[in-house]
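Have a look at the structure below before the remarks.
Each chain gets a letter, A, B and so on, in the order its sequence line appears, and its residues count up from 1.
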2 protein chains.
Amino acid sequence: MSSAPAHEPAHEPATAELAVSTVIFALHAEPSSELPSLWLPLVRRTREPFEGQWALPGGWLPVDEELGKAAARTLNETTGLTPKYLEQLYTFGALDRSPGRRVVSVVYWALVQSDEAARAAEGENVRWFPADDLPELAFDHNLIVDYALWRLRTKLEYSRIAHAFLGETFTLAQLREVHEAVLQRPIDPANFRRTIEASKTVIATDEYLAGTPHRPPRLYRFDSTVHSANGDPADLGPLGRATPGKAS
Amino acid sequence: MSSAPAHEPAHEPATAELAVSTVIFALHAEPSSELPSLWLPLVRRTREPFEGQWALPGGWLPVDEELGKAAARTLNETTGLTPKYLEQLYTFGALDRSPGRRVVSVVYWALVQSDEAARAAEGENVRWFPADDLPELAFDHNLIVDYALWRLRTKLEYSRIAHAFLGETFTLAQLREVHEAVLQRPIDPANFRRTIEASKTVIATDEYLAGTPHRPPRLYRFDSTVHSANGDPADLGPLGRATPGKAS
DNA sequence: CCAAAAGTGTTCATGCTACACCCATGC
DNA sequence: GCATGGGTGTAGCATGAACACTTTTGG
């Protein structure tokens, strides 16, 4: 499958339309509980089908634009956000997902920094929703969000993507809060500290966060030199890929 | 994103062409060593670009065909095979992957039963190659195969897909040989037995394989009632998805 | 009875969980 | 000095790797 397939059928190339959309996650502090939780921005459809309903930001794929670029651009045009993490999620192409036409959508998922999300434009046609309590969305977008949520939660457990929600430096308590918010489960601070330190993905700075009512916590930064081992074919660089050990 | 994106740009739907291709894996016994290893069928291109070079089986996506169906059909048309396992791998859409045109390829990967692969047609334009020693393929197909290989090996460790290489019933030694062939590493038979039995994915029959020179091994069959927890959005059924426990 | 694979038992190391405890700071 | 979160120590349990050992068959 790359460009032209090995076998070219008699009929001309398919006329299915190609779109790109993105599921964007950020952490917002809950108004009530203080605890942060996952939110995502949606866009109101201004035409049929599904006019008036909420949908994922996206757009048609221009012939001369890379898939990931198109995702980042449409995301930015509609929400004003710039993602710190962006990865392909899945390609949805069921025949009945758009009434009357065949649309194949390459879907990405993105993480944005919390304070940037707070600055983000909200308006009549763009609004943030709690990821676990969405209205009925246009097309198959509820299914897509569910899948993206599952991917985020699964991936957080074995990969180190939590820093995409945070700034340059952060305390381990902040990092732990991200994990707790995404996984919706309290985490033992002592064990979390050791797990993160053992993972070598984080570097201690000699700075401490001031202004806390109690003992000032040390600030850390992420070690960008460690290879992500992401699951994206792009990671399959010249040096190959780290394969974890296996059981018998 | 589903069908029509929430934001419809001024220009008409993109004119990128949509293709579907599949990386097909089967186990062949090595002529020399007796040990089985991974092989895959490739198709020779009969026109430009890359005329004469080997490529993954695939074809253009018809407007009225599901993505997975198209993968299974093109796979069967070119190689005569019917996969026991088929899953979407990734969508490749780099601008330069096909000279002169923009082709976006939704790529699947498939596993076929070993004895069916042995019966498969081989000809002037279809040939099997060892997965770890491929020639230079058309387009970006080498990258795609590398990625599919990584996915297969990674997934075999946490999912139970090895049975797709085997028939209805099999011995634990056969199942272990599949793991050893894919992971290219010897596995302790005693520990493998316990791991598989603990996973509850396999059911003991009361039959034994006859004709061995030594003690006859028990035959097992796969338990199709256990939910695969695959990583495919389709698995995200009405009952949700099993989320494994997490550490602190 | 011997060889060889099937199948069982046991030990050891490792990693994670739970939780007790000390440290440093603002008030 | 006291409350509180930062940070360290450690024992218990589960998992899995290594490997000794018993069982069952064909020759």
Side-chain angles (χ1 to χ4, degrees), chain A residues 29 33-36 154 156-160 162 166 169-181 183-221 243-248, chain B residues 34-36 154 156-160 162 166 169-181 183-221 243-248:
Chain A
S33 63
E34 291 295 302
L35 296 168
T154 304
L156 193 69
E157 310 231 8
Y158 66 89
S159 182
R160 302 298 167 187
L166 300 170
T169 61
F170 47 85
T171 69
L172 290 187
Q174 290 170 336
L175 188 64
R176 177 170 49 83
E177 274 165 24
V178 170
H179 277 81
E180 290 178 333
L183 302 177
Q184 300 177 295
R185 156 164 45 100
I187 296 173
D188 184 299
N191 296 333
F192 182 78
R193 164 180 302 275
R194 274 181 294 248
T195 303
I196 294 296
E197 279 169 349
S199 78
K200 302 277 192 181
T201 51
V202 107
I203 302 172
T205 71
D206 7 343
E207 292 166 278
Y208 293 82
L209 182 62
T212 61
H214 304 296
R215 172 172 175 179
R218 184 187 283 271
L219 287 170
Y220 290 79
R221 78 175 61 253
T243 319
K246 174 60 190 76
S248 80
Chain B
E34 289 296 302
L35 295 166
T154 303
L156 193 69
E157 310 231 8
Y158 66 89
S159 182
R160 302 297 168 187
L166 299 171
T169 61
F170 47 85
T171 68
L172 291 186
Q174 288 170 336
L175 188 64
R176 177 170 50 83
E177 274 165 23
V178 171
H179 277 82
E180 290 179 332
L183 302 177
Q184 300 177 297
R185 154 164 48 97
I187 296 172
D188 184 300
N191 296 332
F192 182 77
R193 163 181 304 274
R194 273 181 297 249
T195 303
I196 294 296
E197 279 169 349
S199 77
K200 303 276 191 184
T201 51
V202 108
I203 302 173
T205 69
D206 16 355
E207 292 165 279
Y208 292 81
L209 182 63
T212 62
H214 303 297
R215 174 174 173 177
R218 185 186 282 270
L219 286 170
Y220 291 79
R221 77 175 61 252
T243 320
K246 176 59 191 79
S248 80

query = Hey, does the side chain of A:Glu180 reach the backbone of A:Pro186 with a donor-acceptor pair shorter than 3.5 angstrom?
reply = no

Describe the nucleic acid contact of A:Ala198 in one word from base, sugar-phosphate, nothing, applying a heavy-atom distance below 4.0 Å. nothing

In whole angstroms, the gap separating P of C:dG7 from CG of B:Leu175 amounts to 13 Å

Per side-chain contact (heavy atoms from CB on, under 4.5 Å), B:Tyr220 is matched among B:Leu166, B:Ile203, B:Leu172 by B:Leu172

Side chains of A:Leu209 and A:Phe170: does their closest heavy-atom pair fall under 4.5 Å? no

Between CZ of B:Phe192 and C1' of C:dA6 the distance, given in whole Å, is 14 Å

So A:Leu156 and A:His179, do their side chains get closer than 4.5 Å, heavy atoms only?
yes

note: A:Gln174, atom CD; D:dG7, atom C1'; distance rounded to Å ~ 16 Å

Whole-Å distance, B:Glu157 CD to D:dG16 P, equals 12 Å

Problem set entry | Electrostatic pair A:Arg218-A:Glu197, nearest N-O below 4.0 angstrom | no

note: A:Arg218, atom CZ; C:dT25, atom P; distance rounded to Å ~ 12 Å

**Message:** Main chain of B:Arg160, side chain of B:Thr201: is a donor-acceptor contact present, judged purely on distance under 3.5 Å?
**Reply:** no

Quick tally for nucleotides 19-27 of chain D: nucleotides whose base has a protein heavy atom under 4.0 Å get B, sugar-phosphate-only ones S, the rest -, giving B---BBBS-

From CG of B:Leu183 across to P of D:dA17 the rounded distance in Å is 12 Å

From CD1 of B:Ile196 across to P of D:dG16 the rounded distance in Å is 11 Å

Separation of D:dA17 atom C1' from B:Ile187 atom CD1, nearest Å, is 12 Å

